[in-house]
Participant: 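Got a structure for you, questions after.
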Amino acid sequence: MSRFWKPGTERPQGRVVDDEEGGVIFLSGSHHSSSSSGYGHASIDKQRQRLPVFKYRTAILYLVETRATTIIVGETGSGKTTQIPQYLKEAGWAAGGRLIACTQPRRLAVQAVASRVAEEMGVKLGDEVGYTIRFEDVTKPNVTVLKFLTDGVLLREMMDDPLLTKYSVIMVDEAHERSISTDILLGLLKKIQRRRPELRLIISSATIEAKSMSDFFQMRFSSALAIRKRREPENEGHGLQVEPAILSVEGRGFNVQINYAEEAVQDYVQAAVSTVLLIHEREPAGDVLVFLTGQDDIEAAAQLLADEVHTNGKHSSGLIVLPLYSGLPRAEQELVFSPAPRGKRKVVISTNIAETSLTLEGIVYVVDSGFSKQRFYNPLSDIENLVVAPISRASARQRAGRAGRVRPGKCYRLYTEEYFLNHMSNEAIPEIQRSNMVSCVIQLKALGIDNILGFDWPASPSAEAMIRALEVLYSLGVLDDDAKLTSPTGFQVAELPLDPMVSKMIIASSQLGCSEEIITIAAVLSVQSIWISGRGIQKESDEAKLRFAAAEGDHITFLNVYKGFHQSGKSSQWCHKNYINYHAMRKVLEVREQLKRTAKRIGLVLKSCESDMQVVRKAVAAGYFANACHLEAYSHNGKYKTLRGSQEVYIHPSSVLFRVNPKWVIYNSLVSTDRQYMRNVITIDPSWLMEAAPHFYQLQQSNPLLR
DNA sequence: GAGCACTGC
């Protein structure tokens, strides 16, 4: 078991406790250091010192000084995110033109934390403290020393500076969420440390599963130390400690009493509704947050509660029921933040969005269905599916914690304690093991990681998924026979912040002379949906859609919408009138501008094909040839077969080609319900497939359909 | 005639 402090080094105050599991070190006890901060007002300094993380200030700085990697386990409210970067700055880690980085998984968090820290330090946001997210760089070269950014942006930065040389410390926050970007970043940072032993990492996580993260960085250090010993035997003993330290910081949450269902629940929507009514009847004032899986569940539960108010008013009056999910129009989303009027009780029925992305104040009761929608990827069929699945125990704890932000709360779990203990997994499967890997693979390739299959991940994706990704990239002409990036296509695809199939489509459009149009289509495909839909306006929105419908399919329809939007002067009234989502269109404009800049930079030709829609369809086929489908002969119900796997698929009813059923189509994505539905469909000529991907369809030349 | 958990570049 290693020691915590080095002989000859000043020992931090406080108690050092070795963890029984061996090798893991926790610090506890309190030790105050006088704040050397010269920033801000006394009141801000006082506030900062009251945060739980403050009493670990010296210990944290000591660990960062002596360990290459420090893992901080901190519950919400510990202050780690806002304070640690400031401690580092105060301790001199930003001296000599170096930067301190702190990453977040989400854009909103980056902005919020950066502005809070700027305020605490009494500086203007964008000067000493800045942030970078997609579309927004609020930093000043040579001025900004504390930089907050999404982990995705830091990954992009590595394409220009693979060793991230300008940073002295990188703090990866919310690492327990295990997003794809976080996992790639952690894998790459581990490699960087081998080349840059002076770089310090802080991995911050909300769960105690920090042990596995510690193991991940531990192995690297054993080998790095071995290397150092071989090279510089005289330096032995002066290097960094090989073992990542784990430091635990308590949070500021209130106690939440957990209640389990006594027996398994058959219908969690109904059970959630009954539980809400029970809380309303028996419990003192306080808002309720209900976790369900999706829009359907949420609307059903809201309806049941509304019915209850009607038929059984005396028990359920005083309830204000508010749905919450990301697809909800902005104005309705805002409603959940307004406090309930006096004497009323707010019930927010939400998806997972309220688990991490949004924080609601005033929640005292949480009702947890125990389920969420999760993405799963099947590398054999190359299809991603959304399925309702049980959440993890970590997720259940996070949901419960939402009840304890303002005062002690209660959580009602709609499953048994036995189920929680014996049937739920401790942590969710990392996203990287549930996703298509094409984007990851190309990103690593672009960073010069040749041995993709041997890459050291915090959690390895399946070999099947990796091989499938390599196959797809090879068929796109992005990788060559040696699995190296092709030039220029491979490098161009890697530069574009899009799925490789979309990127390929853009590159083809440059050659076909329709890049203006294809970039618009790519931008529309990268936002959730440009259409406004929902209960009660289906007929109107369908009619509005018909005004833009193109015989060639959805992609061309998008162009018509964009054209109309542009001609209206980008008017929100125009969007409203045509059942178009204005916010989505603003995003389309942003993405479009970014793509145009990138396209120019990588040497693509920006050109419009005016009204020649055939070249646009050809460009789509150049990226999406693998998604070609043929209408079954004599099919009366619109049954298609995929060319690649002869899978049975249907055109989605939201497509403008629904019921039109052209003979040959290409789809953008599949959604699986009782059937496989193709979303965003365009007509093609089958001869373009052989043109676009001769190698891919070579084996199918004998296919009578293609002759 | 059906449906989109949530992020990110």
Side-chain angles (χ1 to χ4, degrees), chain A residues 103-110 132-137 149-159 174 177-185 291-299 324-328 350-358 369 371-376 384-389 391 395 428 431-432 434-435 439-440 442-443 446 493-500 502-503 522-523 526-535 538-539 541-542 581 584 587 590-591 594-595 597-598 637-638 650-655 658-659 669-680:
Chain A
T103 74
Q104 297 289 322
R106 282 172 293 279
R107 296 159 46 96
L108 257 176
V110 168
T132 309
I133 55 181
R134 188 182 187 182
F135 309 128
E136 227 183 310
D137 183 7
L149 66 178
T150 51
D151 27 26
V153 168
L154 191 59
L155 276 177
R156 283 279 151 187
E157 284 190 4
M158 290 180 73
M159 288 179 64
E174 312 286 358
E177 287 189 24
R178 307 300 301 270
S179 74
I180 291 179
S181 308
T182 307
D183 271 19
I184 302 178
L185 189 60
F291 284 103
L292 295 179
T293 63
Q295 187 176 345
D296 272 2
D297 283 359
I298 289 168
E299 281 175 1
L324 178 63
Y325 46 88
S326 82
L328 206 63
S350 174
T351 60
N352 251 5
I353 194 171
E355 194 180 303
T356 47
S357 305
L358 293 180
S369 65
F371 289 95
S372 70
K373 282 197 185 173
Q374 293 161 36
R375 177 168 57 205
F376 286 96
E384 283 183 336
N385 269 338
L386 261 189
V387 288
V388 173
I391 60 172
S395 203
E431 193 186 7
I432 203 152
R434 296 182 280 117
S435 310
S439 294
C440 295
I442 194 149
Q443 213 156 5
V493 166
E495 285 283 328
L496 288 160
L498 296 164
D499 267 3
V502 187
S503 303
S526 75
V527 306
Q528 291 243 336
S529 173
I530 58 166
W531 311 109
I532 290 178
S533 61
R535 297 190 170 188
Q538 277 155 332
K539 193 163 159 282
S541 59
D542 278 1
N581 184 334
K587 180 111 189 279
E590 269 189 324
V591 176
Q594 188 191 31
L595 293 180
R597 277 197 305 274
T598 311
N637 61 350
Y650 296 83
I651 292 180
H652 195 280
S654 66
S655 168
F658 179 67
R659 275 200 290 236
S669 61
L670 283 182
V671 289
S672 314
T673 50
D674 50 332
R675 285 174 172 182
Q676 301 273 8
Y677 284 103
M678 303 183 265
R679 288 183 68 217
N680 296 328

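Lettering follows sequence order; numbering is per chain, from 1.
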Participant: When the nearest nucleotide of DNA chain B is assigned to Ser357(A) and to Val153(A) on a heavy-atom basis, which residue is associated with the more 5' position?
Facilitator: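 This one resolves to Ser357(A).
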Participant: May I ask you to say what Arg107(A) touches in the nucleic acid, namely base, sugar-phosphate or nothing, with a heavy-atom cut-off under 4.0 Å?
Facilitator: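 Counting heavy atoms under 4.0 Å across all strands, the contact made by Arg107(A) is with sugar-phosphate only.
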Participant: Tell me what Leu386(A) touches on the nucleic acid: a base, only sugar-phosphate, or nothing, going by heavy atoms under 4.0 Å.
Facilitator: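 Answer is base: heavy atoms of Leu386(A) come under 4.0 Å of a base.
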Participant: In terms of the angle between their ring planes, are Tyr650(A) and Tyr677(A) parallel, tilted or perpendicular, with boundaries placed at 30° and 60°?
Facilitator: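 The rings of Tyr650(A) and Tyr677(A) sit tilted, inter-plane angle from 30° to 60°.
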Participant: Measuring to OP1 and OP2 of dT7(B), would you say a side-chain N or O of Ser179(A) lies under 4.0 angstrom away?
Facilitator: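 Checking Ser179(A) against dT7(B): no side-chain N or O falls below 4.0 Å of OP1 or OP2.
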Participant: Looking only at side-chain atoms of Thr150(A), point me to the closest of dG1(B), dC9(B), dC4(B).
Facilitator: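 Nearest to the side-chain atoms of Thr150(A), counting from C-beta on, is dC9(B).
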Participant: Go through dC9(B), dA5(B), dG3(B) for me and flag the one nearest to the Lys373(A) side chain.
Facilitator: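 Taking heavy atoms from C-beta onward, the closest nucleotide is dA5(B).
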Participant: From CG of Asn581(A) over to P of dG3(B), roughly how many Å is that when rounded to an integer?
Facilitator: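 That distance rounds to 21 Å.
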Participant: With a non-hydrogen cut-off below 4.0 angstrom, is Arg106(A) in contact with a base, only sugar-phosphate, or nothing?
Facilitator: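 Sugar-phosphate contact only - Arg106(A) comes under 4.0 Å of backbone atoms but never of a base.
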Participant: Establish, with yes or no, whether the OP1 or OP2 oxygen of dT7(B) is under 4.0 angstrom from a side-chain nitrogen or oxygen of Arg134(A).
Facilitator: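 Checking dT7(B) against Arg134(A), no side-chain N or O comes under 4.0 Å of OP1 or OP2.
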Participant: Starting at CH2 of Trp531(A) and ending at P of dC4(B), how long is that distance when rounded to a whole Å?
Facilitator: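 From Trp531(A) CH2 to dC4(B) P: 18 Å.
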Participant: Rounded to the Å, how far apart are Lys587(A) NZ and dT7(B) C1'?
Facilitator: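 Atom-to-atom, Lys587(A) to dT7(B), this comes out as 10 Å.
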Participant: With heavy atoms under 4.0 Å as the rule, sort Val671(A) into base, sugar-phosphate or nothing.
Facilitator: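 Val671(A): backbone/sugar contact only, no base atoms under 4.0 Å.
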Participant: Using whole Å, report how far CD1 of Ile442(A) lies from P of dC9(B).
Facilitator: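 Rounded to the whole Å, the gap is 18 Å.
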Participant: Residues two or more places apart in sequence or in another chain: which of them pass side-chain hydrogen bond (donor to acceptor under 3.5 Å, both in side chains) with Thr598(A)?
Facilitator: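 side-chain hydrogen bond (donor to acceptor under 3.5 Å, both in side chains) check on Thr598(A) returns nothing, list empty.
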Participant: Excluding sequence neighbours, so at least two apart, what forms side-chain hydrogen bond (donor to acceptor under 3.5 Å, both in side chains) with Gln676(A)?
Facilitator: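 Applying side-chain hydrogen bond (donor to acceptor under 3.5 Å, both in side chains) to Gln676(A) gives Ser672(A).
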Participant: What is the distance from CG of Leu324(A) to P of dC6(B), rounded to the nearest Å?
Facilitator: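 Value for this atom pair: 9 Å.
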Participant: How close or far is atom C1' of dG8(B) from atom CZ of Arg375(A), stated in whole angstroms?
Facilitator: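 It is 11 Å, rounded to the nearest whole Å.
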Participant: For Ser181(A), which contact category applies under a 4.0 Å heavy-atom criterion: base, sugar-phosphate, or nothing?
Facilitator: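 Since no nucleic acid heavy atom lies under 4.0 Å of Ser181(A), the category is nothing.
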Participant: Figure out the CD/P separation between Gln528(A) and dT7(B), and round it to whole Å.
Facilitator: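 Checked: the CD to P distance equals 8 Å.
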Participant: Would Glu431(A) and Arg375(A) pass as an ion pair if we require N to O under 4.0 Å?
Facilitator: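 Yes, this pair counts.
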Participant: Ignoring backbone atoms, test whether Ser654(A) places a side-chain nitrogen or oxygen under 4.0 Å from the OP1 or OP2 oxygen of dG1(B).
Facilitator: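 Checking dG1(B) against Ser654(A), no side-chain N or O comes under 4.0 Å of OP1 or OP2.
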Participant: Classify the nucleic acid contact of Asp499(A) as base, sugar-phosphate or nothing, counting any heavy atom under 4.0 Å across all strands shown.
Facilitator: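 No contact.
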Participant: Could you give the CZ-to-P distance, from Arg156(A) to dC9(B), as a whole number of Å?
Facilitator: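 Going from Arg156(A) (CZ) to dC9(B) (P), I get 10 Å.
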Participant: Could you tell me whether Ile133(A) contacts a base, only the sugar-phosphate backbone, or nothing, with contacts defined as non-hydrogen atoms closer than 4.0 Å?
Facilitator: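 Sugar-phosphate, backbone atoms only, no base.
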Participant: Considering only NZ, NE, NH1 and NH2 on the basic side and carboxylate oxygens on the acidic side, decide whether Arg106(A) and Glu177(A) come within less than 4.0 Å.
Facilitator: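 Looking at Arg106(A) and Glu177(A), the cut-off is met.
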Participant: How is Ser372(A) classified with respect to the nucleic acid when contacts are heavy atoms under 4.0 Å: base, sugar-phosphate, or nothing?
Facilitator: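 No contact.
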Participant: For the side chain of Ser526(A) and the backbone of Ala523(A), is there at least one donor-acceptor N/O pair under 3.5 Å apart?
Facilitator: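 At least one qualifying donor-acceptor pair exists.
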Participant: What's the closest nucleotide to the Arg659(A) side chain, out of dA2(B), dG1(B), dA5(B)?
Facilitator: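 The listed nucleotide nearest to Arg659(A)'s side chain is dG1(B).
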